[in-house]
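These notes are about the structure you will find just below.
This one's a predicted model, so the numbers in the text were calculated from it and none came from an experiment.
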Amino acid sequence: MKHATLAAVCAFGCAALAPAAIALPINDDFALDLDLAAVSDYRSRGISQTQGDPAAQAEVMLSHASGLYLGAWTSNVDFGFDSKTRQEVDYYGGWAWQMSEHANLDLGYLKYTYPKESRYNQSELYAIVDVHGFKLAAYYSTDATTQYGKDQDSLYTWVGYHTVLPLEVGLELRYGRADFKDPSYWSQSGQSRDSYREWEARFTRDFLGLTWRLSYMDTNLSQAECASNYGFDDVCSATVVAGVSKHF
């Protein structure tokens, strides 16, 4: 994910949920989750990581009965210009606490890496609370890459809701805000700001052993503001993204 120059996280994806209830058991204490996915556009926090092109993604996570887990997630990326990297690899670890039947807490650490472009690597600490389908999350980084060539603090927060509609259709809603220490976006008039907002509505349905999803995503960045940071004016605009995944 581009993030005030480039960084990454997969919204509603890696580290966004506590370890899955359905997993491949290894023994009484350990279980393994494997996921393969294909999407029409890899969007993270509302910004395209593939310039609108499709992406293939994979994730593996090892979880323990105590709630501890470790995992890795990867996707192809395309940032254009002279960027040498064509892949994002994220590593994460954390602890998920099932506080009650309808409430859980997820705490962890994420490391985002880009082969051949280590200057874009960054890390985040995150906390996610889920109560009766309502979610509140925060991701904090002290080493986000900036246009000024130095690290800065950044904070990404979002609120969301997930439920199951008739016909077993899942609905997930998210509204997020990304804040940076330094000005990162400039309008045509030359005004700058250090934050933006993004949102997503996603429908999911299990069919033929696969999970199908359809999302509508958008941000409040103008074309000029988008181009001032990411170099392209169409990677921040409203879009519909389709995807399919298989969980093992």
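Residues Asp106 and Tyr69 form a side-chain contact, since some pair of their non-hydrogen atoms from C-beta on lies under 4.5 Å apart. Phe81 has its side chain within reach of Phe232: a pair of non-hydrogen atoms, C-beta onward, lies under 4.5 Å apart. For the pair Leu68 and Phe30, the minimum side-chain heavy-atom distance is 4.5 Å or more. With a 4.5 Å cut-off on side-chain heavy atoms, Met61 and Tyr92 count as touching.
Both Tyr216 and Val159 belong to a single network of hydrophobic side chains, linked directly or stepwise wherever heavy atoms of I, L, V, M, F, W or Y lie under 4.5 Å apart. By the rule that hydrophobic residues join a cluster once side-chain heavy atoms approach within less than 4.5 Å of another member, Tyr139 and Tyr175 end up as members of separate clusters. Both Phe248 and Leu32 are members of a single hydrophobic cluster when ILVMFWY side chains are connected at heavy-atom separations under 4.5 Å. When hydrophobic clusters are built by joining Ile, Leu, Val, Met, Phe, Trp and Tyr residues whose side-chain heavy atoms come closer than 4.5 Å, directly or via intermediates, Leu125 is not grouped with Leu136.
How far CG of Asp153 is from OG of Ser141: 7.5 Å, rounded to the nearest 0.5 Å. A distance of 5.5 Å separates CZ of Phe203 from CG of Leu171, quoted to the nearest 0.5 Å. Residue Leu173 holds its CG atom at 11.0 Å from CZ of Arg202, rounded to the nearest 0.5 Å. Interatomic distance, His247 NE2 to Leu210 CG, rounded to the nearest 0.5 Å: 13.0 Å. Note: Leu155 CG to Thr157 OG1 = 5.5 Å, rounded to the nearest 0.5 Å. Annotation: the span from Arg43 atom CZ to Thr219 atom OG1 amounts to 8.0 Å, rounded to 0.5 Å.
Of the N and O atoms on the side chains of Tyr112 and Glu124, at least one donor lies less than 3.5 Å from an acceptor on the other residue. At a cut-off of 3.5 Å, with distance as the only test, a side-chain donor of Ser123 or Asp143 sits close to an acceptor on the other residue. Side chains of Ser184 and Asn229: no donor on one and acceptor on the other come within 3.5 Å. Between the side chains of Asp78 and Tyr42, no donor-acceptor pair of N or O atoms lies under 3.5 Å. There is a side-chain donor-acceptor pair under 3.5 Å between Asp206 and Thr211.
For Ala58, the side-chain contact (heavy atoms from CB on, under 4.5 Å) partners two or more places apart in sequence, or in a different chain, are Leu36, Thr74. Every residue two or more places apart in sequence or in another chain was checked for a side chain to side chain donor-acceptor pair (under 3.5 Å) with Asp218, and none qualifies. The side chain to side chain donor-acceptor pair (under 3.5 Å) check on Ser100 picks up nothing, with sequence neighbours excluded. Not counting sequence neighbours, Arg197 has no partner by the salt bridge (Lys or Arg N to Asp or Glu O under 4.0 Å) test.
Glu200 and Ser215 make their closest contact through OE2-OG, 2.9 Å (heavy atoms, listed as atom of the first residue, atom of the second, distance). In this structure, Ser195 and Asp179 approach most closely via the heavy-atom pair CB-OD1, 3.1 Å. Nearest heavy atoms, Glu198 versus Tyr156: OE2-OH, 2.5 Å. The two residues Asp182 and Asp194 come nearest to each other via the heavy atoms O-CB, 3.4 Å. Between Asp33 and Ser63, the shortest heavy-atom contact is OD2-OG, 4.3 Å. Scanning both residues, Ser48 and Asp41, for their nearest heavy atoms gives OG-OD1, 2.8 Å.
Checking side-chain atoms of Asp130 against main-chain N and O of Asn104 turns up no donor-acceptor pair under 3.5 Å. Side-chain N or O atoms of Glu88 include none that pairs as donor or acceptor with a backbone N or O of Ser75 at under 3.5 Å. Put simply, the side chain of Trp95 gets close to the backbone of Ser66: a donor and an acceptor are under 3.5 Å apart. In this structure, the side chain of Arg174 does not engage the main chain of Lys135 through any donor-acceptor pair within 3.5 Å. Not one N or O on the side chain of Thr50 forms a donor-acceptor pair closer than 3.5 Å with the backbone of Pro54.
Pairs of residues two or more places apart, or lying in two chains, that qualify as disulfide bond (SG atoms under 2.5 Å apart) and include a residue from residues 167-248 are Cys226-Cys236. Residues in residues 233-248 take part in no salt bridge (Lys or Arg N to Asp or Glu O under 4.0 Å) pair, two or more places apart or across chains.
Aromatic ring pairs are classed by plane angle as parallel below 30°, tilted from 30° to 60° and perpendicular above 60°; the pair Tyr185 and Phe180 is tilted.
Look at Glu225 and Arg193 and you find a salt bridge, because one of the NZ, NE, NH1 or NH2 atoms lies within 4.0 Å of a carboxylate O, short of that distance.
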Report task. Show the numbers, then the answer: is there a side chain to side chain contact (heavy atoms under 4.5 Å, CB included) between Tyr230 and Leu221? Result -> CA-CA 11 Å; Tyr230 307 114; Leu221 291 170; 4.2 Å; yes
Report task. Tell me, with the steps shown, if Tyr114 and Phe79 meet ring pair (Phe, Tyr, Trp, His ring centres under 6.0 Å). Result -> CA-CA 11 Å; Tyr114 299 87; Phe79 300 136; 5.8 Å; yes
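Of the listed residues (Val39, Val241, Val244), just one forms a side-chain contact (heavy atoms from CB on, under 4.5 Å) with Arg213, and that residue is Val39.
Around CG of Asp28, the count of heavy atoms belonging to other residues, nucleotides or ligands within 6.0 Å does not exceed 12. Other residues, nucleotides and ligands place no more than 12 heavy atoms under 6.0 Å from the CH2 atom of Trp212. The number of heavy-atom neighbours closer than 6.0 Å to NZ of Lys111, taken from other residues, nucleotides and ligands shown, is above 12. Heavy-atom neighbours of Gln188 CD from other residues, nucleotides or ligands within 6.0 Å: at or below the threshold of 12.
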